[in-house]
Amino acid sequence: MNTIELWPEAARESEGSANAGCPSLSLYPVSGEGLRAAVIVCPGGGYGNRAYHEGEPVAQWLNGLGISAFVLNYRVAPYKHPTPLQDAQRAIRMVRHHAEEWGIDSNRVGILGFSAGGHLASTAGTHYDAGNTQAEDPIEKQSSRPNLMVLCYPVITFGEFTHVGSKHNLLGETPEEALVASLSNETQVTSDTPPTFLWHTADDPAVAVENSLLFAGALSRHKIPFDLHVFESGVHGIGLAENHPEASLWPELCARWLKKQQFA
């Protein structure tokens, strides 16, 4: 595993202990013949830190499916929006820029996130651009649109069913209404939004299941392919859920979906 800085000058200026080494990508490549799909992993942590168990173990699981993985060490509080999104967009662009070098198909670059990392992933999947063809930096010429999203008990909305801690860490205590609306990602789905896999537990005590339901409803209205799984029970933040009697099925279900999307 190697780590590369997204913006060297930004890494040197990062504030707070949770931002040590940020912003950067930790690389978990898969070698072999042919071009591989890639998935960028965004751990959760309420935009205040990043949970290890939602990073490297998930990258290793993706490797087992034949997918090259990249854990995104994005900046969290005291940094506010748009900094985490800029880190995610830069990561997508960087993977595409290095696609040939890293043995990756630039048309198969996905993003996966847990909890607040799910909000970041869904923001990247609803707030993107085609790249700046006039940019001096060749990385910035690449598109920041992911080809698919995997959202695991994600924070989606900053409305009624939001996770207050994530909202405050990202937007501050008194954000403008227009900003809140623009980052309630169920309102940002269009006919160009990437296909999405979502899973949640129905009684999640931290991030209400309505977050996933709202996003799935928006995907359905715009006729975007999606796969939604809601398990009856389970605490928040269970990652790969290896010891959970119900949610432990999600990696297998997701693997099937990724295969259908020609990623795995």
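Note that these values count all heavy atoms, side chains included, but never hydrogens, waters or copies made by symmetry. Since this is a predicted model, take the numbers as computed values, not measurements.
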Requested in this report: Kindly indicate whether the side chain of Leu25, heavy atoms from C-beta on, has any atom under 4.5 Å from the side chain of Asn2.
Outcome: no
Query raised in the report: Who pairs with Arg256 by salt bridge (Lys or Arg N to Asp or Glu O under 4.0 Å), at least two apart in sequence or on another chain?
Result: Glu252
Query - Note, Val71 side chain near Val58 side chain (heavy atom, < 4.5 Å) - result: no
Requested in this report: Examine the side chains of Asn73 and Ser26 and answer whether a donor and an acceptor come within less than 3.5 Å of each other.
Outcome: yes
**Report entry** Modelled atom types, side-chain donor and acceptor of Gln86 and Tyr79, under 3.5 Å
**Finding:** no
Query raised in the report: Side chain of Asn147, backbone of Asn107: donor and acceptor closer than 3.5 Å?
Result: yes
Requested in this report: For His229, check side-chain contact (heavy atoms from CB on, under 4.5 Å) against everything at least two apart and list the hits.
Outcome: Phe197, Trp199, Asp227, Phe231, Leu253
Requested in this report: Classify the side-chain pair Ser115/His236 by whether it contains a donor and acceptor separated by less than 3.5 Å.
Outcome: yes
Report task. Verify, without hydrogens or angle tests, whether Thr162 (side chain) and Gly159 (backbone) share a donor-acceptor contact under 3.5 angstrom. Result -> no
Requested in this report: Just jot down the side chain to side chain donor-acceptor pair (under 3.5 Å) partners of Glu56, sequence neighbours excluded, or say none.
Outcome: Tyr28, Tyr52
Query raised in the report: Side-chain contact, heavy-atom cut-off 4.5 Å: Ile156 with Ser212?
Result: no
Report task. Please identify each residue that fulfils side-chain contact (heavy atoms from CB on, under 4.5 Å) with His244, with sequence neighbours left out. Result -> Ile238, Ala241, Glu246, Ala247
Report task. Spell out, as yes or no, whether a donor-acceptor pair under 3.5 Å connects the side chain of Thr187 to the backbone of Ala181. Result -> yes
Query raised in the report: Under 6.0 Å from the CD atom of Glu100, do we count more than 12 heavy atoms belonging to anything else shown?
Result: no
**Report entry** All ring pair (Phe, Tyr, Trp, His ring centres under 6.0 Å) counterparts of Trp102, not counting sequence neighbours
**Finding:** Phe70, His98
Query raised in the report: Mind checking what makes salt bridge (Lys or Arg N to Asp or Glu O under 4.0 Å) contact with Arg90, not counting sequence neighbours?
Result: Asp137, Glu140
Query - For His119, all residues meeting ring pair (Phe, Tyr, Trp, His ring centres under 6.0 Å), sequence neighbours excluded - result: Tyr47, Phe158
Query raised in the report: Between the side chains of Glu186 and Thr157, does any donor sit under 3.5 Å from an acceptor?
Result: yes
Report task. Take atom CD of Glu101 as the centre, draw a 6.0 Å sphere, and report whether it contains more than 12 heavy atoms from other residues, nucleotides or ligands. Result -> yes
Query raised in the report: Do the side chain of Asn63 and the main chain of Ile67 share a donor and acceptor less than 3.5 angstrom apart?
Result: yes
Query raised in the report: So, Thr201 and Ser233: side-chain donor and acceptor under 3.5 Å apart, yes or no?
Result: no
Query raised in the report: Got Ser68 and Pro29 here, is their nearest side-chain heavy-atom distance under 4.5 Å?
Result: yes
Query raised in the report: Checking Ser220 side chain against Ala216 main chain: does a donor-acceptor pair fall under 3.5 Å?
Result: no
Query - Backbone N/O of Cys22 and side chain of Asn19: donor-acceptor pair under 3.5 Å - result: no
Query raised in the report: Is a side-chain donor or acceptor of Thr196 paired with a backbone partner of Pro194 at a separation under 3.5 angstrom?
Result: yes
Query raised in the report: Taking the side chain from Arg145 and the backbone from Gly125, do they hold a donor-acceptor pair closer than 3.5 Å?
Result: no
Requested in this report: State which residues pass side chain to side chain donor-acceptor pair (under 3.5 Å) with Asp129; sequence neighbours excluded, sorted by chain then number.
Outcome: Arg93
Query raised in the report: Is the Tyr153 ring parallel, tilted or perpendicular to the Phe114 ring (thresholds 30°, 60°)?
Result: tilted
Requested in this report: Report the residues that fulfil salt bridge (Lys or Arg N to Asp or Glu O under 4.0 Å) with Arg108, sequence neighbours left out, ordered by chain and then residue number.
Outcome: Asp105
Requested in this report: Only counting residues at least two apart or in another chain, list the ones meeting side-chain contact (heavy atoms from CB on, under 4.5 Å) with Ala208.
Outcome: Phe161, Glu210, Asn211
Report summary line: Output for pair (Ile139 CD1, Leu6 CG), nearest 0.5 Å, gives 8.5 Å
Query raised in the report: Taking the side chain as C-beta and beyond, is there a heavy-atom pair between Leu213 and Phe215 under 4.5 Å?
Result: no
Query raised in the report: What pairs with Gln89 under side chain to side chain donor-acceptor pair (under 3.5 Å), at least two apart in sequence or on another chain?
Result: none
Requested in this report: For the pair Asn132 (side chain) and Lys141 (backbone), establish whether a donor and an acceptor sit closer than 3.5 Å, ignoring hydrogens and angles.
Outcome: no
Query - Results of side-chain contact (heavy atoms from CB on, under 4.5 Å) for Pro245 - residues two or more places apart only - result: none
